[in-house]
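A quick note: this is a predicted structure, and the numbers were derived from the prediction, not measured. We name chains A, B, ... by the order of the sequence lines, and we start the count at 1 in each one.
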Amino acid sequence: MKIASFNINGIKARMDALTDWLTEAEPDVVVLQEIKSVDENFPREHFEDMGYIVETHGQKSFNGVAILSKLPLEDITRGLPDAAGMGREGADDIEARYIEATVMGARNSVRVCGLYLPNGNPVDLNPDGTPIEGSKYDFKLKWFARLEERARALMALEQPFLMAGDFNLIPQAEDAKRPDAWREDALFRPQSRAAFRSLMALGFTDALRATTSAPEVYTFWDYQAGAFDRNDGIRIDHFLLSPQAADCLTDCQIDVFTRAKTKPSDHVPIWVTLDI
DNA sequence: ATGGTCGCCCGGCGA
């Protein structure tokens, strides 16, 4: 089973790029981020004609996630639990960033969590270094904590599951061409990395690092200043596998070639194959 | 790398 994640940066602008990549890569399942579309305007028929089931969780102009699957899906849920836990009532109803579904494989099923973690910039801190209540950075860390709680609940089931998507998080210095440029950024600063490490400590396997030791491997390059041409990138799109899913892992790759095509997203797809 | 570029959808925000 081939499962992919792709931050497409707008479905309307990425129809050709996404269609071409689906035809070439032939994933069974794809979680999409930044569809930037309401559900009613998502071109679902186009992807249904390509053999995919389409489940969206969109909003107007920003964010928005979706799942495309050639395999049957069960128990689709939208949004993380505990929206009130954000400190802003119903915050998760405003920002569409999370979708879950169970993918039915030939022999076993896998729970797939597709996510678009908040960017978190600008970083606004109190004099004591804590995030200012209600700031973008505060929102990121609170969302991270809720994601960890959801992961903890899924881990307790001891079943194959994975969390995939745009985590807006650079795990370590080797995951950026120029780590020093990101030290104070919400994608890399210590509190952000601590939240990621805490999540990983539940028992996840980083699929990319489990299958390759290649240096300078990235999933995002800024549109500006020829960043891709200089491979001035960061690794922020991740596949985190539960122990039961990691036991089935056979490959993980980043489709860097899509970034060199016409009208690319600023992210590229990442995928795993699971013997499941 | 609080933007030199994009995408949203129509002036400015978000990344």
Side-chain angles (χ1 to χ4, degrees), chain A residues 5-21 31-43 46 56-66 86 88 91-98 114-125 131-132 134-144 165-170 173 175-193 196 216 218-238 256 258-270:
Chain A
S5 171
F6 193 0
N7 180 323
I8 54 173
N9 190 20
I11 185 61
K12 296 174 191 70
R14 217 62 63 211
M15 284 300 285
D16 288 349
L18 177 57
T19 300
D20 290 350
W21 171 74
V31 291
L32 300 175
Q33 301 88 39
E34 289 205 84
I35 63 172
K36 296 186 175 180
S37 167
V38 294
D39 295 338
E40 309 83 79
N41 291 345
F42 191 90
H46 174 84
T56 60
H57 180 39
Q59 71 178 80
K60 184 179 165 66
S61 300
F62 304 113
N63 309 313
V65 291
M86 296 301 293
R88 291 198 287 156
D92 224 21
D93 295 330
I94 301 166
E95 301 204 359
R97 295 179 175 274
Y98 191 82
L115 65 100
Y116 176 48
L117 209 135
N119 176 294
N121 285 304
V123 176
D124 293 318
L125 304 176
I132 290 174
S135 68
K136 292 282 186 72
Y137 195 53
D138 183 53
F139 185 79
K140 179 186 191 121
L141 294 180
K142 283 178 172 161
W143 207 94
F144 234 131
D166 178 358
F167 284 70
N168 267 314
L169 187 106
I170 302 165
D175 297 310
K177 179 76 161 191
R178 298 182 304 116
D180 287 340
W182 296 92
R183 295 282 173 201
E184 302 304 320
D185 194 281
L187 276 61
F188 190 54
R189 60 191 317 279
Q191 280 170 290
S192 306
R193 281 185 277 162
F196 187 73
E216 301 192 351
Y218 310 124
T219 65
F220 169 91
W221 300 260
D222 199 295
Y223 284 123
Q224 300 177 82
F228 182 65
D229 296 330
R230 294 179 287 109
N231 196 26
D232 182 7
I234 50 178
R235 189 173 75 96
I236 57 175
D237 299 85
H238 308 296
V256 175
T258 61
R259 189 65 174 77
K261 298 200 173 191
T262 56
K263 256 179 103 65
S265 171
D266 42 6
H267 295 250
V268 296
I270 176 173

message: Go nucleotide by nucleotide along DNA chain B from the 5' end; which of Val123(A) and Asn168(A) gets its closest nucleotide reached first?
response: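 Between the two, 5'-proximity favours Val123(A).
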field: Residue met sooner reading DNA chain B from 5', once Gly10(A) and Phe220(A) are mapped to nucleotides
entry: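 Here Gly10(A) is the residue nearer the 5' end.
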Distance, [atom1] atom - from [M] to [N], rounded to whole angstrom:
N       : M      : atom1 : answer
dT5(B)  : dC9(B) : P     : 22 Å
dG11(B) : dA1(B) : P     : 31 Å
dG14(B) : dT2(B) : P     : 15 Å

task: Sort out for me which residue in Ile170(A), Asn231(A), Asp237(A) forms a side-chain contact (heavy atoms from CB on, under 4.5 Å) with Tyr218(A).
output: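 That would be Asn231(A); it is the only one of Ile170(A), Asn231(A), Asp237(A) passing the side-chain contact (heavy atoms from CB on, under 4.5 Å) with Tyr218(A).
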Could you list, one pair per line, each protein nitrogen or oxygen that sits under 3.5 Å from a nitrogen or oxygen of nucleotides 10-14 of chain B, together with the distance?
none

Reckon [X] touches a base, only the sugar-phosphate, or nothing at all at heavy-atom distances under 4.0 Å?
X         : value
Ala181(A) : nothing
Arg14(A)  : sugar-phosphate
Arg259(A) : nothing

Name all residues meeting the side-chain hydrogen bond (donor to acceptor under 3.5 Å, both in side chains) criterion together with [X]; count only those two or more places apart in sequence or in a different chain, and write none if there are none.
X         : value
Ser61(A)  : none
Glu34(A)  : Asn7(A), Tyr116(A)
Ser135(A) : none
Ser192(A) : Tyr137(A)

To the nearest Å, give me how far apart [atom1] ([X]) and [atom2] ([N]) are.
X         : N       : atom1 : atom2 : result
Ile11(A)  : dG7(B)  : CD1   : P     : 13 Å
Glu34(A)  : dC6(B)  : CD    : C1'   : 11 Å
Asp16(A)  : dG7(B)  : CG    : P     : 12 Å
Ile170(A) : dA15(B) : CD1   : P     : 15 Å
Phe139(A) : dA15(B) : CZ    : P     : 10 Å
Met15(A)  : dC8(B)  : CE    : P     : 12 Å
Gln224(A) : dG4(B)  : CD    : P     : 6 Å
Gln33(A)  : dA15(B) : CD    : C1'   : 14 Å

field: Among dC9(B), dG7(B), dA1(B), the nucleotide that comes nearest once only the side chain of Ser61(A) is considered
entry: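 Among the listed nucleotides, the one closest to the side chain of Ser61(A) is dC9(B).
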field: No-H, no-angle donor-acceptor pair, Asp232(A) side chain to dA1(B) base, under 3.5 Å
entry: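 Counting by modelled atom types and ignoring angles, a donor-acceptor contact under 3.5 Å is found here.
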field: Aromatic plane relationship, Phe196(A) with Phe144(A) - under 30° parallel, 30 to 60° tilted, over 60° perpendicular
entry: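 Answer is perpendicular, since the angle exceeds 60°.
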- prompt: Among all residues two or more places apart in sequence or in another chain, which pass the side chain to side chain contact (heavy atoms under 4.5 Å, CB included) test with Ala17(A)?
  reply: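 By the side chain to side chain contact (heavy atoms under 4.5 Å, CB included) rule, Ala17(A) matches Arg14(A).
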field: Donor + acceptor pair across side chains of Lys36(A), Asn9(A) (<3.5 Å)
entry: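 Indeed, the side chains of Lys36(A) and Asn9(A) share at least one donor-acceptor pair under 3.5 Å.
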message: So, OP1 or OP2 of dC6(B): does either fall under 4.0 Å of a side-chain N or O from Lys263(A)?
response: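 For dC6(B), OP1/OP2 do not have a side-chain N/O of Lys263(A) under 4.0 Å.
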